[in-house]
Amino acid sequence: MNQELPSYPSLASFDEISIWKKALHSRSFVIGAVLALVILIAGITSVFWTPYAIDVLDVSKRLKPMSSEFWFGTDQYGRDIFSMLMVGARTSIIVALIAVGIGMLIGVPLGLLAAAQKGFLEELVMRTNDLIFAFPSLLSAVLITSIFGPGTINAVIAIGIFNIPVFARVARGGALSLSGREFLLAARLSGKSSFLITLEHVIPNIANLLIVQATIQLSLAILSEAGLSYLGLGTQPPMASWGRMLYEAQTMVAFAPQLALYPGFAIIFSVLGFNLLGDGLRDLLDPKMRRRVA
């Protein structure tokens with residue numbers, strides 16, 4: 001039975017001009033986008049250039065104040081703080097992107113599979129998710145990195161594992177909310193397989209949910225990476241990390257508080273930026289929220 005499928009709303013069908021106009025009037029989106037863009041530019045730039053090498057120690061230049069030579073001063077080892085913040089941004093971005101990517105690549109298919117296949121498979125997926133959620137994300141990451149050893153790769157895996165059930169729940173919930181829609185019924189009547197229906201109709205309609213959730217998970221991944229590095233279980237020297245900078249600054253806070261303030265503010269602004277960006281995207285991409293923004 002060949003039947004023309006009715007049109008349905010998706011990410012691609014939104015009025016792009018209208019969305020961008022509303023985006024410029026969304027305070028959350030604008031502030032979040034600016035903060036996230038600054039972090040991204042700093043991280044990308046550090047791949048090609050930093051004012052000073054971060055793996056070179058020069059005790060003769062330790063604890064230098066802010067100046068035209070050292071924009072944010074130097075730490076107790078004579079390293080340029082601004083350069084370390086740039087490299088720390090790169091570390092946070094790479095860890096967050098890969099960890100969230102792991103969560104999406106594994107979690108979304110599992111969630112869609114659980115929504116499509118009722119019964120034992122759905123129960124298995126969701127109860128496994130509940131088991132992972134039973135432990136706080138940072139505690140789970142600490143446990144994994146403690147077992148397999150410290151390092152950036154293990155930190156990425158640990159953070160990525162916790163992201164899997166998050167995206168599985170979002171994908172399953174979004175797919176179930178569409179199960180009774182007319183365009184899915186028409187697709188089934190046309191003889192399309194469950195795989196094609198999911199690929200062509202379900203995923204485009206839950207893309208908005210996944211994008212917003214991914215943005216929020218990026219902020220949590222950055223915070224988790226900083227926490228693991230602070231505990232000595234994440235990024236290891238000589239690579240810079242904001243959490244590692246906080247750890248090294250804790251003995252110097254009494255007479256050099258700027259050593260802790262700079263990485264602390266970097267973590268705060270990055271987490272705040274991606275959270276606000278996620279809130280702004282939700283307001284713009286969710287039809288109900290778009291009416292309120294308008």
Side-chain angles (χ1 to χ4, degrees), residues 27-28 30-99 138 150-152 155-156 159 215 218-277:
R27 192 172 301 173
S28 296
V30 172
I31 296 175
V34 170
L35 291 175
L37 187 60
V38 170
I39 301 299
L40 288 172
I41 291 175
I44 294 173
T45 304
S46 70
V47 177
F48 310 101
W49 173 85
T50 55
Y52 297 91
I54 64 168
D55 56 352
V56 176
L57 308 183
D58 187 354
V59 181
S60 64
K61 296 181 179 179
R62 65 192 302 267
L63 299 178
K64 291 284 186 180
M66 296 174 61
S67 65
S68 58
E69 183 180 6
F70 301 106
W71 295 348
F72 285 3
T74 61
D75 66 3
Q76 65 269 41
Y77 302 110
R79 297 173 298 184
D80 179 54
I81 295 177
F82 184 76
S83 299
M84 295 187 66
L85 289 173
M86 292 179 64
V87 177
R90 184 214 309 172
T91 302
S92 297
I93 292 169
I94 291 175
V95 170
L97 287 176
I98 297 177
L138 187 56
T152 305
V156 168
I159 299 170
T215 308
L218 283 174
S219 67
L220 297 177
I222 291 174
L223 188 61
S224 297
E225 188 279 329
L228 289 174
S229 296
Y230 178 81
L231 296 173
L233 299 173
T235 304
Q236 300 296 303
M239 184 59 67
S241 167
W242 293 336
R244 187 76 188 182
M245 292 175 68
L246 280 174
Y247 170 77
E248 294 176 349
Q250 63 182 347
T251 58
M252 311 289 292
V253 172
F255 50 89
Q258 71 276 10
L259 299 182
L261 289 176
Y262 289 136
F265 280 127
I267 295 170
I268 291 172
F269 288 144
S270 61
V271 172
L272 178 64
F274 282 106
N275 266 315
L276 289 176
L277 183 60

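Residues take their numbers from the sequence shown, with the count starting at 1.
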(Q) For residues 257-270, which residue pairs pass the salt bridge (charged side-chain N to carboxylate O under 4.0 Å, His left out) check, not counting sequence neighbours? (A) none

Q: Return yes when atom OH of Y52 has more than 12 non-hydrogen atoms of other residues, nucleotides or ligands closer than 6.0 Å, and no otherwise.
A: yes

Q: Sequence neighbours left out, what passes ring pair (Phe, Tyr, Trp, His ring centres under 6.0 Å) with Y230? Give chain and number order.
A: none

Q: Could you note down all residue pairs passing salt bridge (charged side-chain N to carboxylate O under 4.0 Å, His left out) where residues 36-45 supplies at least one of them, sequence neighbours left out?
A: none

Q. How many angstroms lie between OG1 in T235 and CG in L228, if you round to the nearest 0.5 Å?
A. 9.0 Å

(Q) Taking side chain to side chain contact (heavy atoms under 4.5 Å, CB included) as the definition, give me every residue that meets it alongside I267, ordered by chain and number, with sequence neighbours left out. (A) L223, A226, W242, L246, V271

Q: Mind checking ring pair (Phe, Tyr, Trp, His ring centres under 6.0 Å) for F72 and listing every partner two or more places apart, or none if nothing turns up?
A: F82, Y262

Q | By side chain to side chain contact (heavy atoms under 4.5 Å, CB included) - contacts of I41 (at least two apart) | A | L37, T45

**Q.** Under the side chain to side chain contact (heavy atoms under 4.5 Å, CB included) test, residues paired with I54 that sit two or more places apart
**A.** S83, M84, V87, A240

Q) So which pairs with a foot in residues 218-232 pass salt bridge (charged side-chain N to carboxylate O under 4.0 Å, His left out), sequence neighbours left out? A) none

(Q) As an exercise, state the distance from CG of L97 to CG of L40, rounded to the nearest 0.5 Å. (A) 7.5 Å

Q.
Just to verify, what does K61 make a side chain to side chain contact (heavy atoms under 4.5 Å, CB included) with, not counting sequence neighbours?
A. D58, K64, E69, F70

Q: Would you check if M252 and L63 make a side-chain contact, meaning some heavy-atom pair closer than 4.5 Å?
A: yes

Q: To the nearest 0.5 Å, tell me how far S270 OG sits from I222 CD1.
A: 4.5 Å

Q: Sort out for me which residue in L272, T215, L218 forms a side chain to side chain contact (heavy atoms under 4.5 Å, CB included) with L277.
A: T215

(Q) Can you tell me how far apart CZ (F269) and CG (L35) are? Round to the nearest 0.5 Å. (A) 7.0 Å

Q | Note, T152 side chain near M239 side chain (heavy atom, < 4.5 Å) | A | no

Q: Output all residues satisfying salt bridge (charged side-chain N to carboxylate O under 4.0 Å, His left out) with D75, sequence neighbours left out; order by chain, then residue number.
A: R79

Q: Kindly write out the residues that satisfy side-chain hydrogen bond (donor to acceptor under 3.5 Å, both in side chains) with S46, not counting sequence neighbours, or none if the list is empty.
A: R90

